[in-house]
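The structure appears right after this line, and notes come after that.
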Amino acid sequence: MTFRVVQWATGGVGIAAIKGVLEHPELELVGCWVHSPDKAGRDVGEIIGAEPLGITATNSIDDILALDADAVIYAPLLPDPDEVAALLRSGKNVVTPLGWFYPTEKQAAPLRAAALEGGATLHGTGIAPGGISEKLPLMFSALATGVTFVRAEEFSDLRTYDAPDVVRHVMGFGDTPEKALSGPMQKLLDGGFIQAVRMCVDKIGFAADPQVRSRQEIAVATAPIESPIGVIEPGQVAGRRFHWEALAGDEVVVRVTVNWLMGEEDLDPPWDFGPAGQRYEIEVRGNPDFTVTINGFQSEPGDHGPEAGIVATAAHCVNSVPAVCAADPGLLTYLDMPLISGRAAPRLT
């Protein structure tokens, strides 16, 4: 069976998702929404740097709502719940890396209603949050009994992140510490990472406080640092660290941490990644204790081509589409999903 797929937005994740749909034996690309008027009316193949596909991009939501499609991979820079609700009411399943991984009832209710009205399903997925932050810790926790603690942590060099407007104006790099600490990043990250922590707490069964504790730390440059936003001057923000923790009494039982550094030199405090370098880590304490290190999702400075983590985010969305289309209408989390895998390259099928 082939599922007809629309790609919503063509940033880094969107372009990778289009390429993933084209490689997937069960999926067919039938439409594409774009934010920029300059992209509207162009062939989608041209937008992704490939041969023409015979599919014209549109910036009209009405065009997408009217399209005969089974699913939308929804990947703009920021989510718009009204857009998602409209897509669901039109009968289109929605897979997105932008949230709804494990929403509260208040967060879920309006979108569940839209999904039920349209006979469609909404599923949040991705990488971090949306995979390494909760799906993989839960999967690895099955290898231990008497679990007392799980941790998921990211260590990334932001000098490879080619999105200067996001790095400066959203992430707060290059700002003063005061401005960065009061900026939008903590609130934006809270939306997804708190859901990741709650999913781990609930599934493992910790008697944790329902209030997830979040906190952040700042490192500043001590000398000029070259970055995607130009030179970060001494005293400006060059490193950020965010933590989300669930506590059972005074004991931390789930922790998710993000470490974003503009390199490992000239920072105060003198943060670094340690000898293991850029990576994701998943730790489980119980019987037995163990740590899993995942390499390959972060690019190194000087690398060319798309960031592997961006491609992985898109792949997780693409590979989830058949299961989401087959599911009952409503909201679908990892706890409701069957095993999802990648699919063989077309030349090997």
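Small disclaimer: the values here were computed from a predicted structure and weren't measured.
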Under 3.5 Å, which donor-acceptor pairs do the side chains of residues 264-271 form with other protein atoms, sequence neighbours left out?
| residue | atom | partner | partner atom | Å |
| --- | --- | --- | --- | --- |
| Glu264 | OE1 | Phe273 | N | 2.7 |

Which donor-acceptor pairs under 3.5 Å do side chains of residues 5-20 form with protein atoms, sequence neighbours excluded?
| residue | atom | partner | partner atom | Å |
| --- | --- | --- | --- | --- |
| Gln7 | NE2 | Ala9 | O | 3.0 |
| Gln7 | NE2 | Ile73 | O | 3.3 |
| Thr10 | OG1 | Lys39 | NZ | 3.0 |

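The shortest heavy-atom contact between His316 and Lys135 is NE2-NZ, 3.0 Å. Considering every non-hydrogen atom in both Pro177 and Ile218, the closest pair reads CB-CG2, 4.2 Å. When every heavy atom of Ala69 is checked against every heavy atom of Lys92, the shortest pair comes out as O-CG, 3.7 Å. Across every non-hydrogen atom of Phe149 and Phe206, the tightest pair is N-CZ, 4.0 Å. Between Asn59 and Pro37 the shortest heavy-atom distance is ND2-CA, 3.9 Å. When all heavy atoms of Ala208 and Val201 are compared, the pair lying nearest together is CB-CG1, 3.8 Å.
Although no hydrogens or angles enter the test, the distance criterion places no donor-acceptor pair under 3.5 Å between the side chain of Glu251 and the main chain of Leu247. The closest donor-acceptor contact from the side chain of Ser299 to the backbone of Thr160 lies at 3.5 Å or more, if one exists at all. Distance alone, capped at 3.5 Å, places no donor-acceptor pair between the Arg213 side chain and the Glu245 backbone. Looking only at distances, a side-chain donor or acceptor of Arg279 sits under 3.5 Å from a matching main-chain atom of Gly277. Judged purely by atom type and a 3.5 angstrom limit, Glu154 has no side-chain atom pairing as donor or acceptor with the backbone of Asn259. In this structure a side-chain-to-backbone donor-acceptor pair under 3.5 Å is present from Gln107 to Thr104. A donor-acceptor pair under 3.5 Å links the side-chain atoms of Asp70 to the main chain of Arg4, judged by distance alone. A donor-acceptor pair under 3.5 Å is formed between the side chain of Thr58 and the backbone N or O of Ser60. Here the side chain of Gln186 pairs no donor or acceptor atom with the backbone of Ser182 at under 3.5 angstrom. In terms of modelled atom types and a separation under 3.5 Å, the side chain of Arg240 and the main chain of Ala180 share a donor-acceptor contact.
Under the side chain to side chain contact (heavy atoms under 4.5 Å, CB included) criterion, Thr176 pairs with Glu178, Lys179, not counting sequence neighbours. Annotation: side chain to side chain contact (heavy atoms under 4.5 Å, CB included) contacts of Gln236 (sequence neighbours excluded): Ile232, Glu233. Residues satisfying the side chain to side chain contact (heavy atoms under 4.5 Å, CB included) test with Thr2, not counting sequence neighbours, are Glu28.
Using a 4.5 Å heavy-atom cutoff, the side chains of Arg151 and Val256 are not in contact. In this structure the side chain of Val212 reaches within 4.5 angstrom of the side chain of Arg198, judged on heavy atoms. The side-chain heavy atoms of Thr257 and Arg241, taken from C-beta on, include a pair separated by under 4.5 Å. Side chains of Thr96 and Val84 form no contact here, defined as non-hydrogen atoms less than 4.5 Å apart. Contact of the Pro103 side chain with the Leu331 side chain is registered, since non-hydrogen atoms from C-beta on lie closer than 4.5 Å. A heavy-atom distance below 4.5 Å is found between the side chains of Ser141 and Ile204. With contacts defined as side-chain heavy-atom distances shorter than 4.5 Å, the pair Val253/Thr148 does not qualify. The shortest distance between side-chain heavy atoms of His24 and Pro322 falls below 4.5 Å.
Residues Val147 and Met139 share a hydrophobic cluster, clusters being chains of Ile/Leu/Val/Met/Phe/Trp/Tyr side chains in contact below 4.5 Å. Follow the hydrophobic side-chain contacts under 4.5 Å out from Leu87 and you never reach Val21; the two are in separate clusters. Taking hydrophobic clusters as Ile, Leu, Val, Met, Phe, Trp and Tyr residues chained together by side-chain heavy-atom distances below 4.5 Å, Val231 does not share a cluster with Val220. If you chain together hydrophobic residues whose side chains sit under 4.5 Å apart, Leu98 and Ile132 never meet in one group. Criterion: ILVMFWY side-chain heavy atoms under 4.5 Å apart, direct or through other members. Under it, Tyr74 and Ile48 are not part of a common hydrophobic cluster.
Here the CG atom belonging to Leu88 is positioned 8.0 Å from the CG atom belonging to Asn93, to the nearest 0.5 angstrom. Note that OG1 of Thr125 and CE of Met337 are 7.0 Å apart. Values are rounded to the nearest 0.5 Å. To the nearest 0.5 angstrom, Ile340 atom CD1 is 7.5 Å from Asn319 atom CG. To the nearest 0.5 Å, atoms CD (Glu117) and CG (Leu111) are separated by 12.0 Å.
Counted by atom type alone, Ser156 and Gln278 present zero donor-acceptor pairs between their side chains at under 3.5 Å.
Residues in residues 90-138 take part in these ring-ring contact (aromatic ring centres under 6.0 Å, His included) pairs, two or more places apart or across chains: His123-Tyr334. Each salt bridge (charged side-chain N to carboxylate O under 4.0 Å, His left out) pair with one or both residues in residues 334-349, not counting sequence neighbours, appears once here: Glu26-Arg343. Within the structure, no pair that satisfies the salt bridge (charged side-chain N to carboxylate O under 4.0 Å, His left out) test touches residues 47-64, not counting sequence neighbours. Here side chain to side chain donor-acceptor pair (under 3.5 Å) pairs that include residues 285-295, with residues two or more places apart or in two chains, are Glu283-Arg285. For residues 156-187, the set of pairs meeting the ring-ring contact (aromatic ring centres under 6.0 Å, His included) definition, not counting sequence neighbours, is empty. For residues 125-144, no residue pair satisfies the ring-ring contact (aromatic ring centres under 6.0 Å, His included) rule, not counting sequence neighbours. Under the ring-ring contact (aromatic ring centres under 6.0 Å, His included) criterion, the residue pairs touching residues 219-267 are Phe193-Trp244, Phe242-Trp260, with sequence neighbours excluded.
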Can Arg112 and Glu105 be said to form a salt bridge (charged side-chain N to carboxylate O under 4.0 Å, His left out), step by step? CA-CA 9 Å; Arg112 181 183 292 112; Glu105 182 54 35; 2.9 Å; yes

